[in-house]
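Remarks on the structure that follows.
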Amino acid sequence: MMYIRLKFTKGGEVKYISHLDLMRVFQRALRRVGIPISYSSGFNPHQEISFGAPLSLGVTSNAEYVDLKLAEPMDVKEIQKRLNNSLPDGIKIINGIEIGENHKSAMSVVSHSRYLIRIYAKNISSDELKKKIEAFAAQKDIKIMKKQPKKDFELIEIDIKPLIIYMKLIESDNDKYTIDCLLVSGSKGNLKPELLIKAFKEFSGYDIQNVRINREEVYGSKNGILLDLLEYENTQK
Amino acid sequence: MKYDNIKEFIYEELLPNVEKPGRYIGTEWNSVHKNPETADIRFAFCFPDVYEVGMSHLGMKILYHLLNDQQDIFCERVFAPWPDMEEEMRKNGIKLFGLESRDFIDSFDFVGFTLQYEMSYTNVVNMLNLAGIPLRSGERGEGHPFIIAGGPCAYNPEPLYDIVDFFMLGEGEEQLPELMEHYRRWKSSKGTRDEFLKIAASVRGVYVPKFYSVDYNEDSTIKGIKAISGDIPGKVRKRVIKNLKGSYFPDKIVVPFIDIVHDRIMLEIFRGCTRGCRFCQAGMIYRPVREREVEELVEIADKLIQSSGYEEISLSSLSTGDFSKLNELVERLISKYQSSRVGLSLPSLRIDSISLKLIREVQKIRKSGLTFAPEAGTQRMRNVINKGVDEEDLIDSVGAAFESGYSGVKLYYMIGLPTETMEDIQGIADLTFKVVDRYYKVPKEKRGKGLNVTASASSFVPKPFTPFQWEPQDSINTLMDKQSYLQKAIKKKQITFNWHEPYVSYMEAVFARGDRKLCEVLIKAWELGCKFDGWDQYFNFGAWMQAFKETGVDPDFYTARRRELDEILPWDHINVGVTKRYLRSEYKKSLKGELTRDCRTSCTGCGINLLQEGGVCK
């Protein structure tokens with residue numbers, strides 16, 4: 001028995017595949033290259049694979065995580081090498097570590113995600129946008145209507161202000177801008193960056209187009225310090 | 001906003017707005033990507049339905065890799081864009097594109113459709129329009145792709161005669177490469193479009209409708225069908241591969257990202273069927289029976305498992321239980337893959353050939369539901385359709401299944417069969433009850449929990465090249481009466497009853513045995529908005545009726561009429577091997593309730609052996 005956590009990218013080529021699709025991609029890639037994945041017991045045994053925080057359709061990422069339970073030990077570098085020969089374009093394992101049997105699942109420790117949001121907006125200056133973002137983030141509350149998938153997509157109003165740790169303009173080039181933001185993510189609260197942009201659009205009235213979102217990192221919080229999900233397990237040892 | 005090219009625009013601007021962008025990605029594992037610049041022949045393999053359906057089709061998987069294995073051919077997949085995607089495409093002036101390259105297919109050499117069911121015809125029309133390709137063969141000129149079509153519905157090609165340039169009848173594994181070879185030569189000779197059509201017509205199994213003329217009698221029946229010149233074959237003979245042994249099968253298949261209808265390896269164990277069920281078109285048109293050898297099948301399975309990573313293999317054929325070495329194959333596959341947890345499924349098992357042992361073997365790995373197809377409720381009716389199965393067989397088989405712990409079975413029936421009476425309908429309910437009773441005879445501790453019997457009743461559609469090709473179809477009202485009778489008769493909490501919309505079955509019946517006049521109706525229906533007719537939410541019967549009205553074509557002419565046995569049928573110039581004489585004799589026997597034996601026991605003289613391959617059915 002061995003537990004592994006892998007960090008991988010989800011590039012533009014596969015940004016439209018869902019969390020469930022991604023699960024199948026990994027299941028089949030693992031089978032193709034003969035990685036001795038462990039199976040659950042029970043009537044319909046399934047591979048013991050679990051992912052970190054789900055990523056919205058259309059969002060790319062430099063930092064996705066997957067936990068694997070192996071039936072027999074295998075070198076992590078070897079797993080990484082084999083999988084990279086077997087994964088479709090856009091998915092690449094960039095790092096991996098062995099984790100202890102008593103690790104917390106990647107899914108359960110996620111508390112924050114950092115995103116870079118690239119947008120295109122005409123007829124505004126960089127300064128203006130910068131101030132607008134500051135004003136947006138400085139509001140007392142930020143109310144937005146949100147669909148609830150579990151309740152027939154019924155709309156409810158929520159306040160996303162507590163879910164925004166920071167949001168700032170970090171780059172501008174002609175009419176293209178990059179916004180950096182750190183948002184609450186995971187089971188205790190979750191703000192999708194698309195929703196943040198929607199709220200900002202409504203607030204600013206800007207004609208924002210070509211929104212491209214990339215997740216830069218996913219964190220778990222330990223004693224108030226944010227650690228990426230590999231560091232999180234490394235320090236626990 | 002600026003995009004370097006249209007491909008990026010499609011990807012970045014259209015896909016975020018559609019419900020399932022995964023349908024249009026095109027970079028699935030094992031998909032083939034070539035440099036369009038170096039491909040001499042661009043081929044769009046079109047399945048006129050949504051991705052999840054089309055990707056489940058075995059024929060497409062085979063031919064996609066067959067074509068791409070030739071270096072100078074770049075074959076891409078194209079499915080019918082779902083209406084949300086179509087709307088985005090039309091709004092933004094994006095034409096239909098190949099999934100792999102995202103190039104518009106109107107500049108390709110071939111646009112080939114596979115015709116699996118009649119209700120996809122409007123999608124063929126819609127896809128051509130979306131591609132910016134003129135709908136009618138006569139409106140296309142030099143530089144347009146050749147629009148070709150194959151698949152089971154191509155055996156009666158007439159309803160699409162004015163749309164498709166030529167049809168390819170029969171099996172494509174040898175025919176397509178042969179056609180491509182002709183095309184290479186024609187292309188380098190810089191010949192005219194008509195010249196190529198002439199060349200194509202000389203390829204065995206190719207039907208070029210414009211080279212045939214059809215005359216009609218005053219009562220709208222056909223007076224004659226003939227080739228317009230002496231160098232065109234008077235009858236088009238379907239193409240068959242002589243031997244499956246060593247015939248092409250890809251060693252890899254595209255593994256989709258999104259969930260599709262049949263998301264597993266389909267291992268074709270044999271072609272054809274010798275049972276001779278009289279309603280079944282597949283049983284006639286796919287003759288002769290040819291098996292693959294166990295050794296080769298295990299080898300193919302091995303390669304496919306390695307290259308795809310799939311966790312399930314389904315043995316594919318018209319009647320799995322008839323495979324002569326089924327036990328050996330199942331045992332070998334199971335012993336080989338049990339440790340790597342590859343499941344095995346055996347669809348299309350006939351109820352008289354299912355064995356308890358096989359059920360148990362398969363169950364070792366994964367448990368799936370069991371399906372039985374008694375087709376009719378009474379012995380009399382089953383004799384008429386030559387479904388040589390009796391009640392005892394069925395009850396024994398479901399009994400064996402229940403005793404091995406299964407608690408879910410599906411039963412397939414048809415209603416509206418020739419000579420059917422209300423007694424036969426009642427028989428469906430009675431037989432289903434007997435299945436339920438059989439379950440309760442199994443000791444409680446032995447049987448699986450929670451019995452669920454699903455009974456499905458589809459409406460019979462008479463098909464060309466079957467013994468029932470002369471028969472009328474029940475009217476919509478009659479079918480509805482039978483359905484509602486059955487619905488009441490079969491009510492029981494352990495039974496789920498499913499039925500099909502009779503309106504759709506009616507339309508299927510019109511087109512299955514349609515003639516050239518239906519081509520106008522089809523285009524009109526499409527103009528009135530018909531598409532995705534196989535999907536309840538899009539099927540629009542009212543629009544179809546209006547299309548008939550506007551074109552002056554009476555649909556009942558095709559469905560409600562009992563044809564004379566000597567009538568010239570719209571598909572009489574197509575030779576599928578099985579002769580009209582044989583079908584006639586089968587038809588007459590059916591009306592007397594006489595059975596015809598399985599032709600594996602001894603030849604029943606269907607005529608397939610007269611094709612030049614010689615049809616030794618084994």
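Remember, it's a predicted structure, so these values are computed and weren't measured experimentally.
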Non-hydrogen side-chain atoms of A:Lys15 and B:Leu15 separated by less than 4.5 Å
no
For B:Ser31, which atoms come within 4.5 Å of any heavy atom of chain A: side chain, backbone, both, or neither?
neither
Assess whether atom NZ of A:Lys130 is packed by more than 12 heavy atoms of other residues, nucleotides or ligands within 6.0 Å.
no
List the atom of B:Arg341, the atom of A:Pro45, and the distance in Å for their closest heavy-atom pair.
NH1-CB, 3.7 Å
Is there a side-chain contact between A:Asp89 and B:His33 in this structure, where contact means two heavy atoms from C-beta onward sitting under 4.5 Å apart?
no
State whether B:Glu311 and A:Arg24 are salt-bridged, where the test is any N-O pair (Lys NZ or Arg NE/NH1/NH2 against Asp/Glu carboxylate O) under 4.0 Å.
no
Carefully, step by step, assess A:Tyr16 and B:Tyr11 under the rule ring-ring contact (aromatic ring centres under 6.0 Å, His included).
CA-CA 10 Å; A:Tyr16 296 119; B:Tyr11 199 72; 4.9 Å; yes
Interatomic spacing from CG in A:Leu57 to CD in B:Glu19 - rounded to 0.5 Å
10.5 Å
If I take atom CD1 from residue A:Ile17 and atom CD from residue B:Glu28, how far apart are they, to the nearest 0.5 angstrom?
10.0 Å
Correct closest heavy-atom pair for A:Pro88 and B:Thr27 would be CB-O, 4.5 Å
Honestly, the part of B:Asp263 sitting under 4.5 Å from a heavy atom of chain A is both
Could you tell me the separation between the CZ atom of B:Phe257 and the CG atom of A:Leu22, rounded to the nearest 0.5 Å?
9.5 Å
OG-CZ distance between B:Ser307 and A:Arg32, expressed to the nearest 0.5 angstrom
8.5 Å
